[in-house]
Amino acid sequence: MPVPASPPAPVTAAAPPLVLRNGRLPGSDEIVDTLIVDGRVRRLGYLGQVAAGIRSVDLAERWLIPGLWDNHVHFSQWAQTNQRLDLSGAGSAAAAADLVAGRAPVISMGETLVGFGFRDGLWPDAPGRALLDAATGPVPVVLISGDLHSCWLNSAALARHGHPEHPTGLLREEDCFAVVRALAEVPDAVMDGWADSAARAAASRGVVGIVDMEMDWNLDTWRRRIRGGTDSLRVEFGVYTQHLERAIELGLQSGAGVDGTGGLLSVGAYKVITDGSLNTRTAYCVDEYPGLEGQPGSHGVLTVPPEELLTYLGRAVAAGLRPAVHAIGDRANALALDAFERLGCAGSIEHAQLLDREDVARFARLGVVASVQPEHALDDRDVADRYWAGRTDRAFVLKSLLNAGVTIALGSDAPVAPLDPWVSIAAAVGRTRGSREPWHPEQAISRQAALAASARGRHRVLVGDVADLAVCELDPFGASVPDLRRMSVAATLLAGRFTHTTL
(Lines give C-alpha, C1' and ligand atoms only; values in the text may rest on other atoms or scores of the structure.)
Protein backbone atom coordinates (compact mmCIF):
# COMPACT_ATOMS: atom_id res chain seq x y z
CA MET A 1 0.00 0.00 0.00
CA PRO A 2 1.53 3.35 -0.99
CA VAL A 3 0.60 5.10 2.27
CA PRO A 4 2.37 3.62 5.31
CA ALA A 5 0.73 3.24 8.69
CA SER A 6 3.58 5.09 10.39
CA PRO A 7 6.11 7.74 9.32
CA PRO A 8 9.39 6.61 7.77
CA ALA A 9 12.37 6.26 10.06
CA PRO A 10 15.09 8.90 9.89
CA VAL A 11 18.13 7.93 7.91
CA THR A 12 20.82 6.30 10.02
CA ALA A 13 23.32 9.13 9.73
CA ALA A 14 21.01 11.98 10.70
CA ALA A 15 22.13 15.48 9.81
CA PRO A 16 23.37 17.86 12.54
CA PRO A 17 20.74 20.05 14.26
CA LEU A 18 19.31 22.71 11.98
CA VAL A 19 17.03 25.74 12.31
CA LEU A 20 14.95 26.88 9.33
CA ARG A 21 14.20 30.53 10.01
CA ASN A 22 11.36 32.70 8.74
CA GLY A 23 9.26 30.15 6.93
CA ARG A 24 5.55 30.09 6.24
CA LEU A 25 3.12 27.20 6.43
CA PRO A 26 0.66 26.68 3.54
CA GLY A 27 -2.43 28.85 3.76
CA SER A 28 -0.95 31.09 6.43
CA ASP A 29 0.98 34.35 6.57
CA GLU A 30 2.39 33.51 10.01
CA ILE A 31 6.19 33.41 10.09
CA VAL A 32 7.62 30.38 11.89
CA ASP A 33 11.00 28.89 12.72
CA THR A 34 11.58 25.14 12.59
CA LEU A 35 14.05 23.28 14.78
CA ILE A 36 15.25 19.93 13.42
CA VAL A 37 17.15 17.56 15.70
CA ASP A 38 18.03 13.93 14.99
CA GLY A 39 16.15 14.07 11.71
CA ARG A 40 12.81 15.16 13.20
CA VAL A 41 10.90 18.40 13.61
CA ARG A 42 11.27 19.21 17.33
CA ARG A 43 9.87 22.74 17.57
CA LEU A 44 7.75 24.90 15.29
CA GLY A 45 7.08 28.58 15.95
CA TYR A 46 9.13 31.52 17.14
CA LEU A 47 12.41 30.16 18.52
CA GLY A 48 14.46 33.23 19.37
CA GLN A 49 18.06 32.33 20.09
CA VAL A 50 19.17 28.71 19.92
CA ALA A 51 22.28 26.97 21.17
CA ALA A 52 25.58 28.07 19.72
CA GLY A 53 26.84 25.99 16.86
CA ILE A 54 23.44 25.06 15.42
CA ARG A 55 23.25 25.91 11.74
CA SER A 56 20.56 28.39 10.74
CA VAL A 57 19.11 28.79 7.24
CA ASP A 58 16.83 31.72 6.36
CA LEU A 59 13.80 30.67 4.27
CA ALA A 60 13.03 34.34 3.60
CA GLU A 61 9.26 33.81 4.08
CA ARG A 62 9.06 30.92 1.63
CA TRP A 63 6.57 28.12 2.27
CA LEU A 64 7.56 24.99 4.17
CA ILE A 65 5.64 21.83 3.27
CA PRO A 66 5.96 18.08 3.87
CA GLY A 67 8.30 16.37 1.40
CA LEU A 68 6.58 14.81 -1.61
CA TRP A 69 6.31 11.20 -2.74
CA ASP A 70 5.66 9.75 -6.15
CA ASN A 71 3.66 6.66 -5.31
CA HIS A 72 4.09 4.83 -8.62
CA VAL A 73 7.15 5.03 -10.86
CA HIS A 74 9.16 2.78 -13.15
CA PHE A 75 12.44 4.35 -12.19
CA SER A 76 14.94 2.70 -14.52
CA GLN A 77 12.69 3.38 -17.48
CA TRP A 78 12.29 6.97 -16.32
CA ALA A 79 16.07 7.30 -16.03
CA GLN A 80 16.42 5.98 -19.58
CA THR A 81 13.86 8.37 -21.06
CA ASN A 82 16.36 11.14 -21.79
CA GLN A 83 18.35 8.67 -23.86
CA ARG A 84 15.38 7.84 -26.10
CA LEU A 85 13.76 9.44 -29.13
CA ASP A 86 10.75 11.51 -28.07
CA LEU A 87 7.65 10.44 -29.99
CA SER A 88 5.07 12.25 -27.88
CA GLY A 89 4.36 14.79 -30.60
CA ALA A 90 3.70 12.25 -33.36
CA GLY A 91 0.13 12.53 -34.60
CA SER A 92 0.24 9.50 -36.88
CA ALA A 93 2.20 6.36 -37.60
CA ALA A 94 3.70 8.06 -40.63
CA ALA A 95 4.85 11.02 -38.51
CA ALA A 96 6.45 8.66 -35.99
CA ALA A 97 8.24 6.83 -38.80
CA ASP A 98 9.56 10.16 -40.12
CA LEU A 99 11.02 10.97 -36.69
CA VAL A 100 12.68 7.57 -36.61
CA ALA A 101 14.08 8.03 -40.13
CA GLY A 102 15.77 11.23 -38.97
CA ARG A 103 17.49 9.48 -36.06
CA ALA A 104 18.41 6.13 -37.66
CA PRO A 105 21.52 7.33 -39.56
CA VAL A 106 23.34 8.23 -36.33
CA ILE A 107 22.77 4.87 -34.60
CA SER A 108 25.96 2.86 -34.24
CA MET A 109 26.27 -0.60 -35.76
CA GLY A 110 24.62 -3.21 -33.56
CA GLU A 111 22.74 -0.71 -31.39
CA THR A 112 18.96 -0.43 -31.14
CA LEU A 113 17.15 2.82 -31.80
CA VAL A 114 14.64 3.21 -28.96
CA GLY A 115 11.79 5.72 -29.00
CA PHE A 116 9.23 6.48 -26.36
CA GLY A 117 5.91 8.20 -25.96
CA PHE A 118 3.74 7.44 -28.98
CA ARG A 119 -0.02 7.25 -28.43
CA ASP A 120 -1.78 5.57 -31.33
CA GLY A 121 -5.31 5.44 -29.93
CA LEU A 122 -6.48 8.31 -32.16
CA TRP A 123 -4.02 7.97 -35.06
CA PRO A 124 -5.58 7.99 -38.54
CA ASP A 125 -3.20 5.21 -39.63
CA ALA A 126 -2.00 2.03 -37.96
CA PRO A 127 1.54 1.16 -36.86
CA GLY A 128 3.08 -1.51 -39.05
CA ARG A 129 6.46 -3.20 -39.46
CA ALA A 130 6.67 -2.35 -43.17
CA LEU A 131 6.35 1.36 -42.44
CA LEU A 132 9.22 1.21 -39.96
CA ASP A 133 11.32 -0.99 -42.23
CA ALA A 134 11.07 1.60 -44.98
CA ALA A 135 12.24 4.30 -42.59
CA THR A 136 15.09 2.41 -40.95
CA GLY A 137 16.43 -0.44 -43.08
CA PRO A 138 18.63 -2.81 -41.02
CA VAL A 139 18.77 -0.67 -37.84
CA PRO A 140 16.77 -2.42 -35.07
CA VAL A 141 14.01 -0.10 -33.85
CA VAL A 142 11.79 -0.40 -30.77
CA LEU A 143 9.20 2.29 -30.14
CA ILE A 144 7.50 2.15 -26.73
CA SER A 145 4.02 3.57 -26.28
CA GLY A 146 3.41 6.32 -23.78
CA ASP A 147 1.38 3.94 -21.58
CA LEU A 148 4.10 1.22 -21.60
CA HIS A 149 1.59 -1.44 -22.70
CA SER A 150 2.59 -1.75 -26.36
CA CYS A 151 5.70 -1.39 -28.45
CA TRP A 152 6.21 -1.14 -32.18
CA LEU A 153 9.19 -2.96 -33.74
CA ASN A 154 10.67 -3.14 -37.20
CA SER A 155 11.75 -6.43 -38.74
CA ALA A 156 15.32 -6.27 -37.44
CA ALA A 157 14.12 -5.72 -33.86
CA LEU A 158 11.40 -8.38 -34.15
CA ALA A 159 14.04 -10.93 -35.15
CA ARG A 160 16.30 -9.84 -32.29
CA HIS A 161 13.52 -10.18 -29.71
CA GLY A 162 12.09 -13.49 -30.88
CA HIS A 163 9.11 -12.43 -33.01
CA PRO A 164 10.42 -12.71 -36.60
CA GLU A 165 7.04 -13.65 -38.07
CA HIS A 166 4.87 -11.10 -36.27
CA PRO A 167 2.56 -9.58 -38.89
CA THR A 168 2.37 -5.96 -37.68
CA GLY A 169 5.28 -5.47 -35.31
CA LEU A 170 2.94 -4.03 -32.65
CA LEU A 171 3.47 -6.10 -29.50
CA ARG A 172 1.12 -5.76 -26.55
CA GLU A 173 1.10 -6.55 -22.85
CA GLU A 174 3.49 -9.36 -21.81
CA ASP A 175 5.22 -9.53 -25.20
CA CYS A 176 5.85 -5.80 -24.91
CA PHE A 177 6.98 -6.05 -21.28
CA ALA A 178 9.56 -8.68 -22.22
CA VAL A 179 11.08 -6.36 -24.83
CA VAL A 180 11.14 -3.44 -22.39
CA ARG A 181 12.89 -5.58 -19.78
CA ALA A 182 15.49 -6.62 -22.35
CA LEU A 183 16.16 -2.98 -23.25
CA ALA A 184 16.90 -2.25 -19.59
CA GLU A 185 19.85 -4.63 -19.66
CA VAL A 186 22.56 -1.99 -19.88
CA PRO A 187 25.73 -2.08 -17.77
CA ASP A 188 25.05 -1.40 -14.12
CA ALA A 189 27.47 1.49 -13.96
CA VAL A 190 25.75 3.25 -16.86
CA MET A 191 22.23 2.69 -15.56
CA ASP A 192 23.20 3.66 -12.03
CA GLY A 193 24.63 6.93 -13.31
CA TRP A 194 21.40 7.71 -15.13
CA ALA A 195 19.43 6.75 -12.01
CA ASP A 196 21.49 9.01 -9.77
CA SER A 197 20.90 11.96 -12.11
CA ALA A 198 17.18 11.19 -12.18
CA ALA A 199 17.07 10.96 -8.38
CA ARG A 200 18.74 14.35 -8.02
CA ALA A 201 16.32 15.83 -10.53
CA ALA A 202 13.41 14.42 -8.52
CA ALA A 203 14.80 15.95 -5.32
CA SER A 204 14.90 19.32 -7.06
CA ARG A 205 11.10 19.04 -7.41
CA GLY A 206 10.57 18.48 -3.69
CA VAL A 207 10.52 14.70 -3.90
CA VAL A 208 11.73 12.79 -0.85
CA GLY A 209 10.57 9.29 -1.80
CA ILE A 210 9.33 7.03 -4.58
CA VAL A 211 7.51 3.73 -4.88
CA ASP A 212 9.45 1.92 -7.58
CA MET A 213 7.28 -0.47 -9.60
CA GLU A 214 10.01 -1.35 -12.10
CA MET A 215 9.47 -4.86 -13.48
CA ASP A 216 12.76 -6.17 -12.16
CA TRP A 217 14.36 -7.60 -9.03
CA ASN A 218 14.71 -4.22 -7.38
CA LEU A 219 16.21 -5.22 -4.02
CA ASP A 220 19.73 -5.75 -5.34
CA THR A 221 19.47 -2.86 -7.78
CA TRP A 222 18.62 -0.25 -5.16
CA ARG A 223 20.93 -1.66 -2.51
CA ARG A 224 23.78 -1.28 -5.00
CA ARG A 225 22.73 2.23 -6.02
CA ILE A 226 22.40 3.47 -2.44
CA ARG A 227 25.71 1.96 -1.38
CA GLY A 228 27.21 3.62 -4.46
CA GLY A 229 26.13 7.06 -3.27
CA THR A 230 22.59 7.61 -4.57
CA ASP A 231 21.07 9.09 -1.42
CA SER A 232 18.59 11.72 -2.64
CA LEU A 233 15.43 9.63 -2.16
CA ARG A 234 13.73 7.09 0.02
CA VAL A 235 12.73 4.08 -2.06
CA GLU A 236 10.04 1.44 -1.58
CA PHE A 237 10.56 -1.30 -4.14
CA GLY A 238 7.86 -3.52 -5.58
CA VAL A 239 7.96 -7.27 -6.17
CA TYR A 240 6.36 -8.94 -9.21
CA THR A 241 5.01 -12.45 -9.64
CA GLN A 242 8.14 -13.74 -11.34
CA HIS A 243 10.07 -12.88 -8.17
CA LEU A 244 7.41 -13.62 -5.56
CA GLU A 245 8.86 -16.93 -4.35
CA ARG A 246 12.33 -15.42 -4.17
CA ALA A 247 11.01 -12.59 -2.01
CA ILE A 248 9.20 -15.02 0.27
CA GLU A 249 12.30 -17.21 0.66
CA LEU A 250 14.26 -14.11 1.74
CA GLY A 251 11.58 -13.22 4.27
CA LEU A 252 10.82 -9.85 2.70
CA GLN A 253 7.82 -8.12 4.25
CA SER A 254 6.21 -4.87 3.16
CA GLY A 255 7.34 -1.90 5.25
CA ALA A 256 10.53 -3.54 6.48
CA GLY A 257 13.76 -1.63 6.04
CA VAL A 258 16.73 -3.10 4.20
CA ASP A 259 19.91 -3.34 6.25
CA GLY A 260 22.91 -1.36 5.11
CA THR A 261 20.96 1.34 3.28
CA GLY A 262 20.81 3.96 6.02
CA GLY A 263 17.03 3.89 6.27
CA LEU A 264 16.60 4.81 2.60
CA LEU A 265 15.38 1.46 1.23
CA SER A 266 12.36 -0.55 2.29
CA VAL A 267 10.21 -3.36 0.96
CA GLY A 268 7.12 -2.20 -0.89
CA ALA A 269 4.14 -4.10 -2.24
CA TYR A 270 3.66 -7.23 -4.29
CA LYS A 271 2.33 -6.03 -7.66
CA VAL A 272 0.27 -8.00 -10.14
CA ILE A 273 -1.01 -6.63 -13.46
CA THR A 274 -4.55 -7.81 -14.24
CA ASP A 275 -5.41 -5.85 -17.37
CA GLY A 276 -3.92 -3.51 -19.94
CA SER A 277 -4.38 0.18 -20.73
CA LEU A 278 -6.85 2.47 -22.43
CA ASN A 279 -4.65 3.71 -25.28
CA THR A 280 -3.82 0.11 -26.19
CA ARG A 281 -7.52 -0.83 -25.80
CA THR A 282 -6.57 -3.64 -23.45
CA ALA A 283 -8.05 -2.24 -20.23
CA TYR A 284 -10.63 -4.86 -19.22
CA CYS A 285 -14.11 -3.32 -19.35
CA VAL A 286 -17.74 -4.33 -18.93
CA ASP A 287 -18.63 -2.81 -22.29
CA GLU A 288 -17.00 -3.52 -25.62
CA TYR A 289 -14.70 -0.98 -27.23
CA PRO A 290 -16.30 0.92 -30.11
CA GLY A 291 -15.19 -0.54 -33.41
CA LEU A 292 -14.17 -3.86 -31.87
CA GLU A 293 -17.65 -5.25 -31.22
CA GLY A 294 -17.84 -9.01 -31.61
CA GLN A 295 -14.08 -9.40 -32.08
CA PRO A 296 -11.71 -11.28 -29.76
CA GLY A 297 -10.53 -8.92 -27.06
CA SER A 298 -13.37 -6.48 -27.63
CA HIS A 299 -13.69 -5.97 -23.85
CA GLY A 300 -9.92 -5.62 -23.38
CA VAL A 301 -7.57 -8.17 -21.89
CA LEU A 302 -7.79 -9.88 -18.52
CA THR A 303 -4.20 -11.00 -17.98
CA VAL A 304 -4.78 -12.79 -14.65
CA PRO A 305 -8.03 -14.77 -14.17
CA PRO A 306 -9.85 -14.28 -10.83
CA GLU A 307 -8.91 -17.60 -9.20
CA GLU A 308 -5.29 -17.19 -10.23
CA LEU A 309 -5.28 -13.65 -8.84
CA LEU A 310 -6.69 -14.93 -5.58
CA THR A 311 -3.94 -17.54 -5.34
CA TYR A 312 -1.17 -15.02 -5.97
CA LEU A 313 -2.55 -12.45 -3.55
CA GLY A 314 -3.18 -15.06 -0.88
CA ARG A 315 0.39 -16.31 -1.15
CA ALA A 316 1.76 -12.78 -0.86
CA VAL A 317 -0.48 -11.74 2.03
CA ALA A 318 0.38 -14.86 4.02
CA ALA A 319 4.06 -13.93 3.68
CA GLY A 320 3.54 -10.34 4.81
CA LEU A 321 3.56 -8.63 1.42
CA ARG A 322 0.86 -6.03 0.71
CA PRO A 323 -0.95 -6.48 -2.60
CA ALA A 324 -0.90 -3.75 -5.25
CA VAL A 325 -3.15 -4.69 -8.16
CA HIS A 326 -2.97 -2.94 -11.52
CA ALA A 327 -6.53 -2.42 -12.75
CA ILE A 328 -7.70 0.21 -15.25
CA GLY A 329 -11.00 -1.00 -16.74
CA ASP A 330 -14.17 -1.12 -14.66
CA ARG A 331 -14.44 -4.91 -14.87
CA ALA A 332 -10.79 -5.35 -13.87
CA ASN A 333 -11.31 -3.08 -10.86
CA ALA A 334 -14.42 -4.99 -9.77
CA LEU A 335 -12.55 -8.30 -9.96
CA ALA A 336 -9.60 -6.89 -8.01
CA LEU A 337 -11.95 -5.66 -5.27
CA ASP A 338 -13.59 -9.10 -5.24
CA ALA A 339 -10.19 -10.62 -4.49
CA PHE A 340 -9.48 -8.17 -1.67
CA GLU A 341 -12.91 -8.90 -0.20
CA ARG A 342 -12.50 -12.68 -0.35
CA LEU A 343 -9.07 -12.48 1.29
CA GLY A 344 -10.15 -9.93 3.87
CA CYS A 345 -7.01 -7.88 3.34
CA ALA A 346 -6.18 -4.31 2.44
CA GLY A 347 -3.77 -3.09 -0.20
CA SER A 348 -3.95 -0.82 -3.22
CA ILE A 349 -5.35 -0.75 -6.70
CA GLU A 350 -2.93 0.94 -9.06
CA HIS A 351 -4.61 3.32 -11.54
CA ALA A 352 -8.33 2.68 -10.79
CA GLN A 353 -9.21 4.69 -13.88
CA LEU A 354 -12.75 3.50 -14.72
CA LEU A 355 -14.99 2.49 -11.83
CA ASP A 356 -18.51 1.28 -11.33
CA ARG A 357 -20.18 3.67 -8.91
CA GLU A 358 -20.89 0.90 -6.43
CA ASP A 359 -17.22 -0.03 -6.41
CA VAL A 360 -16.21 3.44 -5.21
CA ALA A 361 -17.81 2.68 -1.87
CA ARG A 362 -16.19 -0.77 -1.83
CA PHE A 363 -12.72 0.84 -1.86
CA ALA A 364 -13.55 2.56 1.40
CA ARG A 365 -15.29 -0.41 3.01
CA LEU A 366 -12.40 -2.75 2.22
CA GLY A 367 -9.66 -0.25 3.13
CA VAL A 368 -8.16 -0.41 -0.36
CA VAL A 369 -6.04 2.59 -1.36
CA ALA A 370 -6.68 4.13 -4.79
CA SER A 371 -3.19 4.76 -6.16
CA VAL A 372 -3.97 7.14 -9.00
CA GLN A 373 -2.14 9.23 -11.57
CA PRO A 374 -4.08 12.44 -12.28
CA GLU A 375 -1.99 13.44 -15.28
CA HIS A 376 -3.23 10.30 -17.05
CA ALA A 377 -6.69 11.88 -17.12
CA LEU A 378 -5.32 14.71 -19.22
CA ASP A 379 -3.29 12.41 -21.46
CA ASP A 380 -6.26 10.09 -21.96
CA ARG A 381 -9.20 12.50 -22.08
CA ASP A 382 -9.62 12.39 -25.87
CA VAL A 383 -9.06 8.65 -26.06
CA ALA A 384 -11.52 8.17 -23.20
CA ASP A 385 -14.12 10.35 -24.90
CA ARG A 386 -13.88 8.02 -27.89
CA TYR A 387 -13.47 4.57 -26.33
CA TRP A 388 -15.32 5.18 -23.04
CA ALA A 389 -18.00 7.38 -24.57
CA GLY A 390 -20.92 7.84 -22.20
CA ARG A 391 -18.87 6.55 -19.26
CA THR A 392 -16.28 9.25 -18.66
CA ASP A 393 -18.23 10.53 -15.66
CA ARG A 394 -16.92 7.35 -14.02
CA ALA A 395 -13.30 7.91 -15.12
CA PHE A 396 -10.58 9.28 -12.82
CA VAL A 397 -13.16 9.97 -10.10
CA LEU A 398 -10.83 11.44 -7.49
CA LYS A 399 -13.45 13.59 -5.75
CA SER A 400 -15.92 10.71 -5.56
CA LEU A 401 -13.28 8.48 -4.00
CA LEU A 402 -12.41 11.10 -1.39
CA ASN A 403 -16.05 11.79 -0.61
CA ALA A 404 -16.55 8.07 -0.03
CA GLY A 405 -13.72 8.04 2.51
CA VAL A 406 -11.14 6.34 0.30
CA THR A 407 -7.45 7.04 0.83
CA ILE A 408 -5.88 8.16 -2.43
CA ALA A 409 -2.18 8.27 -3.24
CA LEU A 410 -0.94 10.35 -6.16
CA GLY A 411 1.80 9.28 -8.53
CA SER A 412 3.02 9.64 -12.08
CA ASP A 413 3.61 6.13 -13.45
CA ALA A 414 6.81 7.70 -14.86
CA PRO A 415 7.82 7.60 -17.65
CA VAL A 416 4.12 7.58 -18.66
CA ALA A 417 3.93 11.04 -17.04
CA PRO A 418 6.79 13.12 -15.63
CA LEU A 419 8.19 12.20 -12.23
CA ASP A 420 7.04 15.51 -10.79
CA PRO A 421 4.39 15.58 -8.04
CA TRP A 422 3.53 19.18 -8.90
CA VAL A 423 2.30 17.99 -12.29
CA SER A 424 0.11 15.41 -10.53
CA ILE A 425 -1.15 17.94 -7.97
CA ALA A 426 -2.03 20.48 -10.68
CA ALA A 427 -3.86 17.83 -12.71
CA ALA A 428 -5.83 16.68 -9.67
CA VAL A 429 -6.79 20.24 -8.72
CA GLY A 430 -7.43 21.70 -12.17
CA ARG A 431 -8.35 18.72 -14.38
CA THR A 432 -6.72 20.51 -17.33
CA ARG A 433 -3.46 21.83 -18.73
CA GLY A 434 -2.81 24.61 -21.13
CA SER A 435 -5.84 26.50 -22.40
CA ARG A 436 -8.31 23.60 -22.64
CA GLU A 437 -11.48 23.54 -20.60
CA PRO A 438 -11.30 21.32 -17.52
CA TRP A 439 -12.33 17.73 -18.16
CA HIS A 440 -15.02 16.64 -15.70
CA PRO A 441 -14.22 19.44 -13.25
CA GLU A 442 -16.71 17.94 -10.79
CA GLN A 443 -13.96 15.41 -9.96
CA ALA A 444 -11.36 18.07 -9.07
CA ILE A 445 -10.02 17.91 -5.52
CA SER A 446 -8.72 20.59 -3.17
CA ARG A 447 -5.12 21.65 -2.93
CA GLN A 448 -4.99 20.36 0.65
CA ALA A 449 -6.23 16.93 -0.40
CA ALA A 450 -3.83 16.77 -3.35
CA LEU A 451 -0.87 17.72 -1.16
CA ALA A 452 -1.82 15.12 1.46
CA ALA A 453 -2.17 12.47 -1.25
CA SER A 454 1.35 13.37 -2.41
CA ALA A 455 2.91 13.54 1.06
CA ARG A 456 1.88 10.38 2.87
CA GLY A 457 -1.26 11.90 4.33
CA ARG A 458 0.37 15.16 5.52
CA HIS A 459 -0.76 18.55 4.25
CA ARG A 460 1.22 20.58 6.78
CA VAL A 461 4.39 20.20 8.87
CA LEU A 462 3.87 19.15 12.49
CA VAL A 463 6.13 18.76 15.52
CA GLY A 464 7.35 15.15 15.70
CA ASP A 465 7.37 14.62 11.94
CA VAL A 466 10.38 13.14 10.25
CA ALA A 467 12.08 16.17 8.68
CA ASP A 468 11.38 15.15 5.09
CA LEU A 469 10.51 18.64 3.88
CA ALA A 470 10.34 20.91 0.87
CA VAL A 471 10.50 24.70 0.57
CA CYS A 472 8.38 26.37 -2.12
CA GLU A 473 8.49 29.82 -3.67
CA LEU A 474 4.67 30.05 -3.71
CA ASP A 475 1.90 29.06 -1.33
CA PRO A 476 0.59 25.75 -2.74
CA PHE A 477 -2.82 26.48 -1.20
CA GLY A 478 -3.12 29.79 -3.02
CA ALA A 479 -1.21 29.31 -6.27
CA SER A 480 -3.04 29.09 -9.58
CA VAL A 481 -3.20 25.73 -11.34
CA PRO A 482 -0.58 26.76 -13.94
CA ASP A 483 1.69 27.98 -11.13
CA LEU A 484 1.22 24.70 -9.26
CA ARG A 485 2.35 22.79 -12.34
CA ARG A 486 5.58 24.77 -12.58
CA MET A 487 6.10 25.32 -8.83
CA SER A 488 9.62 26.48 -8.03
CA VAL A 489 11.21 24.48 -5.22
CA ALA A 490 13.95 26.27 -3.29
CA ALA A 491 15.03 23.32 -1.14
CA THR A 492 14.35 19.70 -0.25
CA LEU A 493 15.43 17.98 2.95
CA LEU A 494 15.59 14.30 3.84
CA ALA A 495 15.61 13.77 7.62
CA GLY A 496 16.99 17.30 7.94
CA ARG A 497 19.70 16.84 5.30
CA PHE A 498 19.55 19.03 2.20
CA THR A 499 19.23 16.98 -0.98
CA HIS A 500 18.54 20.09 -3.04
CA THR A 501 18.91 23.79 -2.26
CA THR A 502 19.09 27.15 -3.94
CA LEU A 503 18.91 29.04 -0.63
Side-chain angles (χ1 to χ4, degrees), residues 86-92 95 117-124 145-147 205 277-281 283 285 287 289-291 328-330 333 351-357 360 370-404 406 408 410-454 474-488:
D86 181 9
L87 302 172
S88 60
S92 65
F118 77 87
R119 296 179 183 273
D120 62 329
L122 299 176
W123 280 359
S145 68
D147 60 16
R205 302 301 296 141
S277 69
L278 173 57
N279 177 74
T280 308
R281 278 85 73 203
C285 298
D287 298 307
Y289 286 94
I328 288 181
D330 51 1
N333 275 277
H351 311 305
Q353 286 186 196
L354 185 65
L355 300 177
D356 185 279
R357 289 184 179 85
V360 171
S371 177
V372 294
Q373 299 76 41
E375 186 72 354
H376 290 6
L378 309 185
D379 288 332
D380 287 353
R381 62 185 292 178
D382 294 323
V383 179
D385 283 340
R386 176 170 177 178
Y387 293 110
W388 286 344
R391 290 170 283 164
T392 55
D393 61 326
R394 298 191 281 116
F396 302 94
V397 288
L398 306 191
K399 183 67 173 293
S400 294
L401 287 163
L402 283 177
N403 287 347
V406 180
I408 66 171
L410 302 191
S412 65
D413 201 14
V416 180
L419 200 172
D420 186 342
W422 296 107
V423 169
S424 298
I425 289 170
V429 168
R431 303 284 293 197
T432 190
R433 63 179 177 232
S435 60
R436 296 190 73 176
E437 288 296 313
W439 190 63
H440 288 288
E442 73 278 4
Q443 292 296 339
I445 64 175
S446 70
R447 287 161 173 78
Q448 290 87 342
L451 180 58
S454 301
L474 298 174
D475 182 355
F477 292 175
S480 68
V481 171
D483 282 343
L484 279 176
R485 183 172 285 269
R486 55 177 178 258
M487 176 67 75
S488 179

**OP:** Report the C-alpha separation of N333 and D356 in whole Å, then their side-chain angles, then the decisive distance to 0.1 Å, and conclude whether the side-chain contact (heavy atoms from CB on, under 4.5 Å) test is met.
**Re:** CA-CA 8 Å; N333 275 277; D356 185 279; over 6 Å; no

Subject >> Residues R394 and D330 bridged, charged N to O under 4.0 Å >> reply: yes

Original post:
So do V383 and R119 actually touch side chain to side chain, heavy atoms under 4.5 Å?
Top reply: no

Subject >> Closest contact, heavy atoms only, M487 versus A479 >> reply: CE-CB, 4.5 Å

Original post:
Between Y289 and L278, is there a donor-acceptor pair closer than 3.5 Å when you use the side chain of the first and the backbone of the second?
Top reply: no

Original post:
Hey, are H440 and E442 close enough side-chain-wise for a donor-acceptor pair under 3.5 Å?
Top reply: yes

Subject >> Test item: S446 and F477 side chains (from C-beta on) under 4.5 Å apart, heavy atoms >> reply: no

**OP:** List the atom of H376, the atom of S412, and the distance in Å for their closest heavy-atom pair.
**Re:** CE1-O, 3.2 Å

Original post:
Is there a donor-acceptor contact under 3.5 Å linking the side chains of D120 and N279?
Top reply: yes

Subject >> Validation row: I328, L354 side chains within 4.5 angstrom (heavy atoms) >> reply: no

**OP:** First locate atom CG of L474, then atom CG of D483, and finally report the distance between them rounded to the nearest 0.5 Å.
**Re:** 5.5 Å

Original post:
How long is the span from the OG1 atom in T432 to the CD atom in E437, to the nearest 0.5 Å?
Top reply: 7.5 Å

Subject >> Gap between atom CZ of R486 and atom CG of D420 - 0.5 Å precision >> reply: 13.0 Å

Original post:
Do W388 and D380 have side-chain atoms, one donor and one acceptor, less than 3.5 Å apart?
Top reply: no

Original post:
What are the two closest heavy atoms between W439 and A395, and how far apart are they?
Top reply: CH2-CB, 4.1 Å

**OP:** Please name the pair of heavy atoms, one in G329 and one in C285, separated by the smallest distance, quoted to 0.1 Å.
**Re:** CA-SG, 3.9 Å

**OP:** Of all the heavy-atom pairs spanning A370 and L401, show the shortest one and how long it is.
**Re:** CB-CD1, 3.8 Å

Original post:
Can you find a pair of side-chain heavy atoms, one from L484 and one from R447, that are under 4.5 Å apart?
Top reply: yes

**OP:** To the nearest 0.5 Å, tell me how far I408 CD1 sits from K399 NZ.
**Re:** 11.0 Å

Subject >> Residue pair G430 / P438: nearest heavy atoms and the distance that separates them >> reply: O-CB, 3.6 Å

Original post:
Do P421 and L410 come within less than 4.5 Å of each other through their side chains, counting heavy atoms only?
Top reply: no

Original post:
Do the non-hydrogen side-chain atoms of R381 and R431 ever get within less than 4.5 Å of each other?
Top reply: no

Original post:
Will you find, in the side chains of S400 and Q443, an N or O donor that is under 3.5 Å from an N or O acceptor?
Top reply: yes

Original post:
Can you tell me how far CG of D413 sits from OG of S424, rounded to the nearest 0.5 angstrom?
Top reply: 10.0 Å

Original post:
Pick from V423, V429, I425: which one makes a side chain to side chain contact (heavy atoms under 4.5 Å, CB included) with R485?
Top reply: V423

Original post:
If you round to the nearest 0.5 Å, how far is OG of S488 from CZ of R205?
Top reply: 7.5 Å

Original post:
Is the closest side-chain heavy-atom distance between D287 and R391 below 4.5 Å?
Top reply: yes

Original post:
Would you say F396 and Q353 make side-chain contact, with heavy atoms under 4.5 Å?
Top reply: yes

Original post:
Is D382 paired with R436 through a side-chain N to carboxylate O contact shorter than 4.0 Å?
Top reply: yes

